[in-house]
Amino acid sequence: MKNKTKKMLIIVSIIFLPILTYVIIDYKNIYVDMYNFWQLNKAKPYLESIDENTKDFSNLKKFNEIYNADIQPIKNCYYTSNSNWNEKYIFWFKLESYIYIYIYIKNYISFPKYSLPIGKFCGWWPCVDDINKDIFERITSNPCRE
């Protein structure tokens, strides 16, 4: 009986020790992702109330000014706009932890979805396949500018 328990403990350690080690190392990034989803949930009621009379906004600062929403990123900026082609709005942020990247199978979250038509830009080398997406990813990969 003791031998079976010892073998089981070794198997469980081999399986869960790397996972536990990763979570301990990456806990800050996991917290950043959780925080970003909390901020998205905080912004959703404002975003879903958008209609034709809503003032235009194309960044987080204007969004907060219009709605007094106090949406505050803790690492990188959010992209918010009430211009998203077939959708009334968009809210973007970058995932930081490998766990969330694995769950969503992407590095960026756009809510409700990225709906702008692809706009290729070839003014200078190298060509950008989707200039809008490139801009969004640049904004959400860096801290907000004042």
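Throughout, residue positions are numbered sequentially from 1 according to the sequence presented.
Across all their heavy atoms, Phe57 and Ile66 have their closest contact at CB-CD1, 3.8 Å.
Considering only heavy atoms from C-beta on, Asn107 comes within 4.5 Å of Ile101 through its side chain.
Sorted by first then second residue, the salt bridge (Lys or Arg N to Asp or Glu O under 4.0 Å) pairs that include residues 91-105, not counting sequence neighbours, are Lys75-Glu96. Legend: salt bridge (Lys or Arg N to Asp or Glu O under 4.0 Å) pairs involving residues 38-48, not counting sequence neighbours: none detected.
Scanning for ring-ring contact (aromatic ring centres under 6.0 Å, His included) contacts around Tyr104 gives Phe37, with sequence neighbours left out.
With hydrogens and angles disregarded, no donor-acceptor distance shorter than 3.5 Å links the side chain of Ser81 to the backbone of Ile90.
Between Phe136 and Tyr79, the gap from one ring centroid to the other is short of 6.0 Å. Checked against the 6.0 Å centroid threshold, Tyr67 and Phe63 count as a close aromatic pair.
Screening Trp92, Tyr78, Phe93 against Leu40 for a side chain to side chain contact (heavy atoms under 4.5 Å, CB included) leaves a single residue, Phe93.
Asn29 and Tyr100 share no donor-acceptor pair across their side chains, judged by distance under 3.5 Å alone. Between the side chains of Ser141 and Tyr108, at least one donor N or O lies within less than 3.5 Å of an accepting N or O. Residues Asn82 and Thr54 bring no donor and acceptor atom of their side chains to less than 3.5 Å of each other.
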